[in-house]
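First comes the structure, then the notes that go with it.
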Amino acid sequence: KYLSTFIKTLKYMRSPPTPEMATQEVPLNETLAHLKTESETLKSKLEEERAKLHDVELHQVAEKVEGLGQFVMKTRRTLKGHGNKVLCMDWCKDKRRIVSSSQDGKVIVWDAFTTNKEHAVTMPCTWVMACAYAPSGCAVACGGLDNKCSVYPLSLDKNENLAAKKKSVAMHTNYLSACSFTNSDMQILTSSGDGTCALWDVESGQLLQSFHGHAADVLCLDLAPSETGNTFVSGGCDKKANVWDMRSGQCIQSFETHESDINSVRYYPSGDAFASGSDDATCRLYDLRADREVAIYSKDSIIFGVSSVDFSLSGRLLFGGYNDYTINVWDVLKGTRVSILFGHENRVSTLRVSPDGTAFCTGSWDHTLRIWA
Amino acid sequence: MTINTLAKGGCHREQMACFRKMEKVIVAMQDPDMGMKMRNQRLLITVIPHAMTGHDIITWLTHKYRISEEEALHLGNMLVKYGYIYPLKEPRCLVLRPDESPYRFQTPYFWTSTRWPASELDYAIYLAKKNIRKQGELMEYEKERYSLLHKRINHTWDFVVMQAREQLRASKQRRKADRIVLECQEQAYWLINRPPPGVNNVLDTGLERPNNFSCRVTLNSDYYKREIEACRKALGRNRVKSSICLEGFLKYSEQYLNHDPIMQGCLPSNPWISDDTAHWTMNAEIVPVPTRLRVERWSFSFMELLNDAMGRKEFMTYLEKEFSAENLYFWQACEDIRHGENSKIVEKVEDVYKNFLAPGAARWVNIDSKTMDKTLEGIKRPHRFVMDDAQMHIYFLMKKDSYPRYLKSDLYKNMLAKAIVPQETKKSVFPFMRRQRHSSPSPAQTATQAAEEEGLAKGAGANSAAGSHF
């Protein structure tokens, strides 16, 4: 009850009207400076407000939880076939197939279990930084330096050239950094170096909604696993992680605590929080109801940036792929590092846990992908 | 579109941040009190002062960061790869060996971060020095680069040669030990900044990202106005105390612990480890009898039940018994509108109206009048989200009412009772015998087959269905 009164009081403490409303003859750049200052002041005020309700740390709450024992995960499959840096991968809903893309423009669909390559496409551009498997398993989407996201229906006819059926869906004004199908094969969400995210209708290529609010390249996105399924989170070079309403295009929550580019964002399985991985060598957890950062996963000996993060099925473990070729495994609740995995011979650029949580896959600049279990 | 793998003008922010951190480690290693003990190391007949062994480095890192030896070796290797420590024995091999091999700290003058990026001119001078000092000392790839540079910066070649000669003359006046050290340091610097072919270029950071925020997005008054508006909204938002939110994580992790194969393993075995796909077969989308864990999961949340095809089917059966199946049909139809093609929205909305909302509809759904009015009004101009309010109303109706009763019903209880608990398959007794890994029909094929069957039957695909052997 105290809480609601407190918040009501806050609502009455409005800021004064912006300077530009008061005077009309102030030169343009002075107004910009005022706006910038006001924006920064409000941001600090926001952080103060967020801190007020932070009465306990996650690791304190987690003291009563049993610690995790020795952790053994090994490489169970190594997928060789890319001729250059692997930049992105995604799992098929069938829990064993994956799609991967690389710097040399190749997109390959594998049955990771048998390590057989099932399809291969050569994109007309290099640096294919984004790829995604359609929920039906019948198509893949990919894009990169071509500024587009294209959808390729997967045909099993050996004679058919996959590139012939390609469908251009998204068009940005800079590189495509990430893409994801929503709940069906019919819509794709994209993020780009042009600082925006966008939602597209696959069939027509029509732009359904665009999302503006990042101040620099958007590098990653993830869809929320919520009941009403209408939000997603994005991270960018402006160190911000933004949560968006897909219907209205509005940014509904924003977090700015990282010290460098955010390379990866991933929702906690319940949808109440998300994790981020950044060039500042930390992973962080943000709770959406508390509206703040609630945990930082870092260690003195970890110097290099995180390229990619994902949770285990129960959300107890957070896996991070790092630029120093390793994978660090974190206990999400206690904040401790449970294990470090070696194997790749160059940067780990992408990491995803399989849909049923039996394994996770990493892609690396060493041209290979590995399945760990 | 060009890619800058090494910035021509400014520095890569990401790289510089890493360099600074590594430099902190290096400085700590050289701390007079807490740093490493260094001694003289013998190299052939010369004695090099201030050197340490690979083993020393690993031990120090292990203690300082409280990490395992394996991790310390890895971290130490990074320091060598990035040129902060260089080997005295086998100087061209930038690897940290966990033995008595001697290493030395690179002088800050030759840190990559000091003069970034390394200039072509400096490289030319370096190669020229090597060439002059001992004819034929240049490696093949260095010779190639040397002649390339000669062509490219031919106009300053006199300067290059002059500088090289000058530097060689100066070095001859140094003690032999110092001269060797300087040569090693310089060689290490160039091995990193101009790596030989076939060696990973550690300075490669991929696609260049903007150094400056406003590169791609104009930070104009509109941008700041949006930021201010967003902040104001955020200030007014309801927040939940941390002590309440954070408990949620504990509960969730505990509830799903047994369902997390990486944490607790899975039955009968993890296919990736045992090469046996039984776990996947038992948990396929539709099976005659589901596993116990799967049925239990339906009780965790309404969303879990609906997300599972079998769960949803069971729930539908239950609703049919209760004569409220129209709710689930309606919800599914709304989902189809929300996630379907743009072109089919109008048609689908009409169908939904006819089947669920129109007075006397076959599957009329019971929505409160306010929502119904709003929806009917919206249908006049149908769009993707026109059914959202109605859909949510029905969703919560099912969630609060039908779902809890389903969980208490005999239908669910029986399902739970006869659900399978698979036997754990022990790992193979003979570790050398590996199971054959069978392939599975691609989801793409099942769809193609269905499409073919709709048209002309061409005969089932002869390839994947049979399964190819490893």
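Residue numbering restarts at 1 for every chain, and letters A, B, ... go by the order of the sequence lines.
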Could you have a look at A:A62, A:A273, A:G137 and say which one has the most heavy-atom pairs with chain B under 4.5 angstrom? A:G137
Heavy-atom distances under 4.5 Å only: say whether A:P269 touches chain B with side chain, backbone, both or neither. both
Between A:T182 and chain B, with a heavy-atom cut-off of 4.5 Å, which part of the residue counts as in contact: side chain, backbone, both or neither? side chain
Side chains of B:S439 and A:D111: any donor to acceptor distance under 3.5 Å? no
Given that the side chain runs from C-beta out, which part of B:K64 has a heavy atom under 4.5 Å from chain A: side chain, backbone, both or neither? neither
Would you confirm whether the ring centroid of A:Y133 sits within less than 6.0 angstrom of the ring centroid of A:F181? no
Tell me whether the centres of the aromatic rings in B:Y82 and A:F304 are closer together than 6.0 Å. yes
Sort A:F319 into side chain, backbone, both or neither according to what part of it lies under 4.5 angstrom from a heavy atom of chain B. side chain
Verify ring pair (Phe, Tyr, Trp, His ring centres under 6.0 Å) between B:Y395 and B:F302, making sure each step is shown before the conclusion. CA-CA 9 Å; B:Y395 179 85; B:F302 188 39; 5.1 Å; yes
Heavy-atom distances under 4.5 Å only: say whether B:K81 touches chain A with side chain, backbone, both or neither. side chain
Considering only heavy atoms, which portion of A:L58 lies under 4.5 Å from any heavy atom of chain B: side chain, backbone, both, or neither? both
What I want to check is whether the side chains of A:H54 and A:R292 have a donor and an acceptor closer together than 3.5 Å. yes
Contact origin within A:A134 toward chain B - heavy atom pairs under 4.5 Å: neither
Measuring heavy-atom distances to chain B, does A:R97 have an atom under 4.5 Å in its side chain, in its backbone, in both, or in neither? side chain
For A:R247, which atoms come within 4.5 Å of any heavy atom of chain B: side chain, backbone, both, or neither? both
Could you tell me if the side chain of B:L257 sits less than 4.5 Å from the side chain of B:Q264, heavy atoms only? yes
What part of B:N200 lies closer than 4.5 angstrom to a heavy atom of chain A: side chain, backbone, both or neither? side chain
Identify which part of B:F19 has an atom lying under 4.5 Å from any heavy atom of chain A, answering side chain, backbone, both or neither. neither
Where does B:F300 contact chain A at under 4.5 Å (heavy atoms): side chain, backbone, both or neither? neither
Side chain / backbone / both / neither for A:Q250 at chain B, heavy atoms under 4.5 Å: side chain
Heavy-atom proximity to chain B below 4.5 Å, by part of A:E40: neither
Okay, B:R338 and chain A: the region with an atom under 4.5 Å from a heavy atom over there is both
Heavy-atom distances under 4.5 Å only: say whether A:V61 touches chain B with side chain, backbone, both or neither. both
Name the orientation class of the two ring planes belonging to A:W127 and A:W365 (parallel below 30°, tilted from 30 to 60°, perpendicular beyond 60°). perpendicular
Atom group of A:L46 that falls short of 4.5 Å from chain B, counting heavy atoms: both
Contacting moiety of A:L87, where chain B heavy atoms sit under 4.5 Å: neither
Region of A:K299 that comes under 4.5 Å of a non-hydrogen atom in chain B: side chain
Toward chain A, the part of B:I262 with a non-hydrogen atom under 4.5 Å: both
Would you say that A:K74 contacts A:W372 through its side chain, given a criterion of any heavy-atom pair below 4.5 Å between the two side chains? no
Assess, by modelled atom type and distance only, whether the side chains of A:R76 and B:N270 contain a donor and an acceptor separated by less than 3.5 Å. no
Do B:S253 and A:Y268 have side-chain N/O donor and acceptor atoms under 3.5 Å apart? yes
When the 4.5 angstrom heavy-atom criterion is applied to A:C92 and chain B, the contacting part is side chain
Going by distance alone, is a donor N or O of one side chain under 3.5 Å from an acceptor N or O of the other, for A:S136 and A:D185? yes
Verify the distance criterion only: is there a donor paired with an acceptor across the side chains of B:E23 and B:Y84 at less than 3.5 Å? yes
State plainly whether the residues A:K45 and A:E38 are in salt-bridge range, i.e. N to O under 4.0 Å. no
Below 4.5 Å from any heavy atom of chain A, which atoms of B:E70 appear? Answer side chain, backbone, both or neither. both
